[in-house]
Amino acid sequence: MDYFEYRDGELWAEGVRVKELAERFGTPLYVYSKRTLTRHYHAFDTALGELDHLTCFSVKANGNVSLLRLLGGLGAGVDIVSGGELHRALTAGIDPRKIVFSGVGKQEHEIRDALKADILMFNVESAQELKHIGRIAAEMNTPARISIRINPDVDPKTHPYISTGLKKNKFGLDMLEAAGAYLLAKEAPFVEPVGMDCHIGSQLTQIDPFVEALKKLLAFADRLQFSGVDIRYLDLGGGLGITYNEEAPPLPADLGQAIVDSLAGRTLTVILEPGRAIAGNAGILVTQVLYTKKSSAKNFVIVDAAMNDLVRPSLYGAYHRIGEVTPKYREKIVVDVVGPICESSDFLAQDRRLPAVEPGEHLAVFSAGAYGFTMSSQYNARPRAAEVIVDGDQTTQARRRETYADLIALEI
Ligand SMILES: *Cc1c(COP(=O)(O)O)cnc(C)c1O
């Protein structure tokens, strides 16, 4: 459910005409809807009912500082995977005690910064990392709260690049190794093992893998209790899918209910780390048609947005719905929507039935609010897009368009 809709013959972002945004800010342009973000955040925040919980938005899905500030203002914490994301989160005013730090390759300076900020906890992904954190914490005379990321070996039934909870994936520890790590953590003077965590994958469209992982974690937590390790935070990661095309993923409320049912009688604080499910359908990428052309094999619509702006179609073969900003009635043809980049993998859609659009018109690429701008680059020396946030009939620029000067600013 989002607030991008066709009314009076054109596309609106809440109370603002998308065409007007394209003219005012230029294209390619990321447009986010505050009302949609707010709605999605609340869907998670209410999903767990009476359970003690924390919703930690995944910064890697969308790290724009204004967007993080907006979510922080609603009470959100964040899940970070780098020192840079910590910097974004702190700049946005996120409460450090609502920050969890995941990722397999945390570096010394990142660990120091996170300890200095006094974040809620580190989601530790290896025994070496645990020792490293313990040593730095001791040096800094600052306790490190940690959880161990468990690899529950659950098949999330999603795209292989975004599946993370299988034995063959690089993430987390299996339970045998994790048991050893918890005992190590318990003995380390500046380490407090307070949590248990998993994140099994992204764009999940079924509840079962979550429940299966949760059951494994709870059984493990019970066993740990006998060894004197008392888990207070249970972090189930993110991963809830969204509708890009015809997927029918569970709602946050469905996931919440399954968690509430499985946790009956326990006093744990549940952490969820949704990224895509909060931001994905809260953003669109607006682009302008440059040219159309027809080869003997295909029709092409060449637009001013490219794989450097939105890489998901090229990287995962991902589907993004594309629509006209000002629809007109005309015949539909099968086209590839492609960008100006010199790569054959530079496409936003392939073999898509679209109205026969013409140069100068604007198109909206939907469901682009997560893993859109954050995965963008300057490939082909293309300045990165601008980002705006719409709130009712008001629009604020959340990031200005990069300039040519920005492209070379750091080069000596
Ligand atoms: C990417 C990631 C998330 C967010 O995943 P979504 O599919 O966007 O909800 C949460 N936690 C961790 C550890 C991640 O790596």
Side-chain angles (χ1 to χ4, degrees), residues 37 40-41 43-44 47 54-64 67-68 71 76-82 84-86 88-89 98-106 110 114 119-126 129 146-152 154 156-166 169-173 195-207 209-210 213 217 233-244 247 249-252 255-256 259 270-283 312 315-316 318 367-375:
L37 286 164
H40 292 172
Y41 172 75
F44 275 95
L54 184 58
T55 305
C56 290
F57 176 67
S58 171
V59 175
K60 79 175 191 289
N62 191 321
N64 183 283
L67 189 139
L68 295 180
L71 290 171
V78 294
D79 172 52
I80 57 168
V81 294
S82 71
E85 288 190 354
L86 174 65
R88 285 187 172 278
K98 293 183 178 175
I99 297 179
V100 295
F101 190 173
S102 307
V104 294
K106 300 180 192 75
E110 296 176 316
I119 64 163
L120 178 59
M121 62 183 188
F122 294 87
N123 290 335
V124 172
E125 307 222 12
S126 68
E129 180 195 332
I146 63 111
S147 85
I148 305 284
R149 177 162 174 183
I150 309 296
N151 183 330
V154 167
K157 305 185 180 87
T158 185
H159 190 284
Y161 289 7
I162 49 178
S163 125
T164 51
L166 283 166
N169 298 131
K170 69 179 176 185
F171 300 98
L173 292 173
M196 185 177 286
D197 145 69
C198 74
H199 169 74
I200 55 176
S202 201
Q203 184 55 13
L204 272 65
T205 52
Q206 297 170 29
I207 289 276
F210 284 109
L217 260 58
Y233 297 96
L234 191 68
D235 181 344
L236 295 173
L240 196 63
I242 63 170
T243 304
Y244 284 101
E247 305 92 332
L251 296 171
L255 176 62
I259 295 171
V270 176
I271 298 176
L272 294 177
E273 304 170 350
R276 192 188 312 272
I278 287 182
N281 281 326
R312 299 188 68 259
L315 187 61
Y316 311 121
S367 313
Y371 308 103
F373 188 89
T374 48
M375 293 180 102

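One-based numbering along the sequence shown. In each ligand, atom 1 is the first atom listed, and ligand 1 is the first ligand listed.
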Nearest non-hydrogen protein atom, [atom]:
| atom | answer |
| --- | --- |
| atom 7 (O) of ligand 1 | S202 OG, 2.2 Å |
| atom 10 (C) of ligand 1 | E273 O, 3.2 Å |
| atom 2 (C) of ligand 1 | K60 NZ, 2.3 Å |
| atom 8 (O) of ligand 1 | Y371 OH, 2.5 Å |

Sub-4.5 Å side-chain heavy-atom contact between [X] and [Y]:
| X | Y | value |
| --- | --- | --- |
| F57 | L67 | yes |
| V100 | L54 | no |
| L236 | L255 | no |
| E273 | N123 | yes |

N-O pairing of K60 and E85 below 4.0 Å | no
Kindly confirm or rule out an N or O of [X] lying under 3.5 angstrom from an N or O of ligand 1.
| X | answer |
| --- | --- |
| G275 | yes |
| G239 | yes |
| S58 | no |

Does at least one non-hydrogen atom of [X] fall below 4.0 angstrom from an atom of ligand 1?
| X | value |
| --- | --- |
| A277 | no |
| F171 | no |
| A370 | no |

Report the residues that fulfil salt bridge (Lys or Arg N to Asp or Glu O under 4.0 Å) with E110, sequence neighbours left out, ordered by chain and then residue number.
->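 If we apply the salt bridge (Lys or Arg N to Asp or Glu O under 4.0 Å) test to E110, skipping adjacent residues, there are no hits.
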Excluding sequence neighbours, so at least two apart, what forms ring-ring contact (aromatic ring centres under 6.0 Å, His included) with F122?
->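 So F122 forms a ring-ring contact (aromatic ring centres under 6.0 Å, His included) with F101.
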What atoms in ligand 1 come closer than 4.0 Å to a heavy atom of [X]?
| X | value |
| --- | --- |
| R276 | 6 (P), 8 (O), 9 (O) |
| P274 | 9 (O) |
| R149 | 13 (C) |
| S102 | 13 (C) |

Answer yes or no: is there a donor N or O on one side and an acceptor on the other, between the side chain of Q203 and the main chain of G239, under 3.5 Å?
-> no
